[in-house]
Trainee: 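My structure is below; once you've seen it, I'll send some questions.
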Amino acid sequence: MPKVNINGTEIEVEKGTTILKAAAQAGFEVPHFCYHPALSIPANCRMCLVEVEGARSLEPACYSEVTDGMVVETKSERVIKAQKSVLEFILLNHPVDCPICDQAGECKLQDYYMAYDAQESRLRAEKNQKVKVFPIGPEVLYDGERCILCTRCIRFCEEITGTNELTIVQRGDSAEIRTFPGKELDNPYSVCTADICPVGALTSRDFRFKCRVWLLQSTDSVCTGCSNGCNIHLEHFRNEIQRYRPRYNPQVNDYWMCDAGRLSYKEVHTDRLLRPMSNGAALNWHGVTETASAKLARALDDDAGSFGFVVSPQASCEDLFLAKRFIEEVLGTDQLYLGGKPDGFEDDFLIKADKNPNRQGVKAVFGGLNDFGDVDKLIDDIESGAIKTLYMMETHLPADAETRQRFVDALDKLDLFVLQAQHCAELANQAHLALPACSHAETEGTFVNFDGLAQPFEQAFAPHGDSLPHWQIFMRLARAMGQPLTYTFVHQIRDEMFQASDADENGEPAEAQAE
Amino acid sequence: MGEVKTKPVERAEQGLWEKSYIPEILRGLSVTAGHFFRNISPRKSQRRIFTKNYPEEPTVYPERYRGLHRLMLRDDGQVRCVACMCCSTICPADCIHIEAGEHDDPSIEKYPAVFVIDELRCIVCGLCVEACPCDAIRMDSGRHIPPYTERNEAFFDRDLLMELGGLSQAKQGGDRTPAAAE
């Protein structure tokens, strides 16, 4: 293993390590624009130039591999001069429109200017003008003046998505990023180009002008768009999610996430059920718990055999674990059905056909999916009268519009329909009791992705309206019905859940922490 | 216990003139009457009074007095503000609410579709003015924040703040040639 000396620090690194990575291991930052750990290395921005003893010229740290006995200086006078020159060159025609740029605050050019340059522009001529607000794709806007031509976006489209939409046109100071004729930047991962763009040249259309990035608070979470469970930074401001940003996890999603998942945060803020309702009248939790427990107890007394329960793979494992205890200990029914969204588009990269984040979690908590009836059986059972009381978690059903309409029509036949969900959909009006549950942003929990990887997510902000996490609703009802389930914190449920699943399942996903 | 130092003061001896009171009372009244007549004199420069008949007589504020906010204008009368949120970020009272919008003119791009200042929350610190990179918000209107009867009257929106605004000497944005703007 080669030993290198970086700024006087001796460090031993793997063979083939670049100077940039070795410096990072030694604790020195080497500024860089074009280098991205997941992409190939073109070494075109020249920001990472370092001085290597014995070398005639400065060398790009992102590309040069270390050799044994190498002596590297990342902060020498020559290097500082080179860094200043490179930044002056990049900033020559930069519009410096930071006040209206969405990247301001997380812009590498801003950061490096403050850290390595901090000198006034010497340009006295008019700046070069290029295209601004260019709609390069349905989700992304391009600003030619801000672009530093690092080609990260081009390499992303070549190497990660393989769609090859982007290239550089023109030469010299007229050079710009453009799509090939007849194409636009329209692939399922296009907003990742805005993520990796070190400046504000490519920006997300959805996030445009929405919130300044320095106002955002970030919470580690998991995307609920599909069963892949991409790790995300859930970024929110004043109790509202502003955007999702991929969080690095080499086991799941690397640095990327899909556009559909990125926009799935909108569901959290649309059509929410915010107050507990009884036959369409808003109640408080105190009142609705009493009503619900009385009605459920009466339904169980009358005919316990006609009690159906729809379990949702949209809910977290902790919610499902309490649902299981509620079903087994309080309701005592075995007529279970599986809800969740219908299958959708899939590809061979990150997007999975199963649009529910926690189907594997249902499998783990309930010990397989064999006990669950499908939608057709649910509708048949309601129509035939085998189910007279239905308790439904979440509003989604894996069915097309026609089947769903059949289900909605069949609901009239029920004696009691209890809906416990985030969204109103068309079901909240039909429900005799509608209990507001909160989204994954408002509580903590665990999702198990398609691969069996259990991934925890954190609470970002307080529940909207009167909504409560599913597990707390089950606890309230169970206590009111005289069979209390007593937990105070999610981690208590989590501990018990993993113990239970380890004890009776061997094909069980082991608890694996993301990152 | 330390010794207390004392200094005896000789009392002025009163003569017959002082003891008879009347002339001294008249002397005192003449001073009062002198002030009175000087301060109601029609020639204001002669008056030595600092009380102002507010609001009939306007107060002259110092040049850097921080009054009601105003939003400055571009040469064509549009709002200078580009909704960069620097003022609302720095505001310690959190009284500035801005919602950015997409401007029709591509050389402006971003403008405040909603810009509301809650003047009741404002603590008149002037940090918003210092934070502004465009000389778009100022507090030099020289006006008090007016009295309200309703709380929502204290929400000053963009158009109201622009009514007080004027032109700035600072240049904003570059000149764009038509070829580059297309």
Side-chain angles (χ1 to χ4, degrees), chain A residues 91-107 110 113 121 123-136 141-147 170 173-176 178 200-201 203-217 237-240 242-243, chain B residues 71-72 74 78-116 118 121 127-137 158 168 170-182:
Chain A
L91 283 164
L92 199 62
N93 284 311
H94 191 84
V96 205
D97 53 356
C98 305
I100 58 166
C101 178
D102 274 333
Q103 190 83 4
E106 54 182 4
C107 175
Q110 259 185 345
Y113 172 79
S121 171
L123 181 75
R124 293 291 170 266
E126 274 293 308
K127 283 189 178 180
N128 198 2
Q129 291 180 4
K130 289 187 197 172
V131 71
K132 287 184 89 72
V133 210
F134 180 74
I136 204 161
L141 283 178
Y142 176 67
D143 187 309
E145 293 184 350
R146 294 179 194 151
C147 182
Q170 306 287 2
D173 65 358
S174 323
E176 284 179 13
R178 279 299 160 84
T203 47
S204 159
R205 279 184 161 188
D206 176 61
F207 186 64
R208 185 166 168 82
F209 299 163
K210 216 159 132 196
C211 185
R212 298 319 301 250
V213 294
W214 56 78
L215 299 171
L216 294 172
Q217 282 179 296
F237 176 57
R238 296 202 171 139
N239 287 358
E240 200 172 319
Q242 304 291 333
R243 65 171 177 183
Chain B
L71 283 178
M72 305 298 283
R74 292 169 190 261
Q78 296 191 62
V79 65
R80 263 181 96 81
C81 172
V82 295
C84 72
M85 310 274 182
C86 285
C87 55
S88 66
T89 303
I90 197 83
C91 181
D94 201 9
C95 69
I96 306 177
H97 174 78
I98 305 172
E99 280 170 29
E102 184 89 46
H103 201 280
D104 296 335
D105 182 350
S107 67
I108 296 179
E109 275 194 53
K110 198 177 178 186
Y111 83 111
V114 175
F115 191 111
V116 181
D118 181 354
R121 279 190 86 142
L127 284 176
C128 51
V129 183
E130 280 183 50
C132 183
C134 310
D135 188 24
I137 188 169
R158 188 189 64 193
S168 170
K171 188 167 172 279
Q172 187 169 35
D175 296 322
R176 293 189 72 77
T177 52
E182 80 186 19

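So that the names make sense, note that chain A is the first sequence line, chain B the second, and so on, each numbered from 1. Not measured: the values here are computed from a predicted model.
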Trainee: Salt bridge check: are A:R208 and B:E109 linked by an N-O gap of less than 4.0 Å?
Mentor: yes

Trainee: Using non-hydrogen atoms and a 4.5 Å limit, figure out which bit of B:I98 sits close to chain A: side chain, backbone, both or neither.
Mentor: neither

Trainee: Distance from A:K132 atom NZ to B:S107 atom OG, nearest 0.5 Å?
Mentor: 10.0 Å

Trainee: For the residue pair A:P99 and B:C84, what are the closest heavy atoms and their distance?
Mentor: O-CB, 3.1 Å

Trainee: Name the region of B:E99, side chain, backbone, both or neither, that has any atom closer than 4.5 Å to a heavy atom of chain A.
Mentor: neither

Trainee: Give, as side chain, backbone, both or neither, the part of A:I100 having an atom under 4.5 angstrom from any heavy atom of chain B.
Mentor: both

Trainee: Show the nearest heavy-atom pair for residues B:A100 and A:F209, with the distance to one decimal.
Mentor: CB-O, 3.6 Å

Trainee: Roughly how far, to the nearest 0.5 Å, is SG of A:C211 from CE of B:M85?
Mentor: 7.0 Å

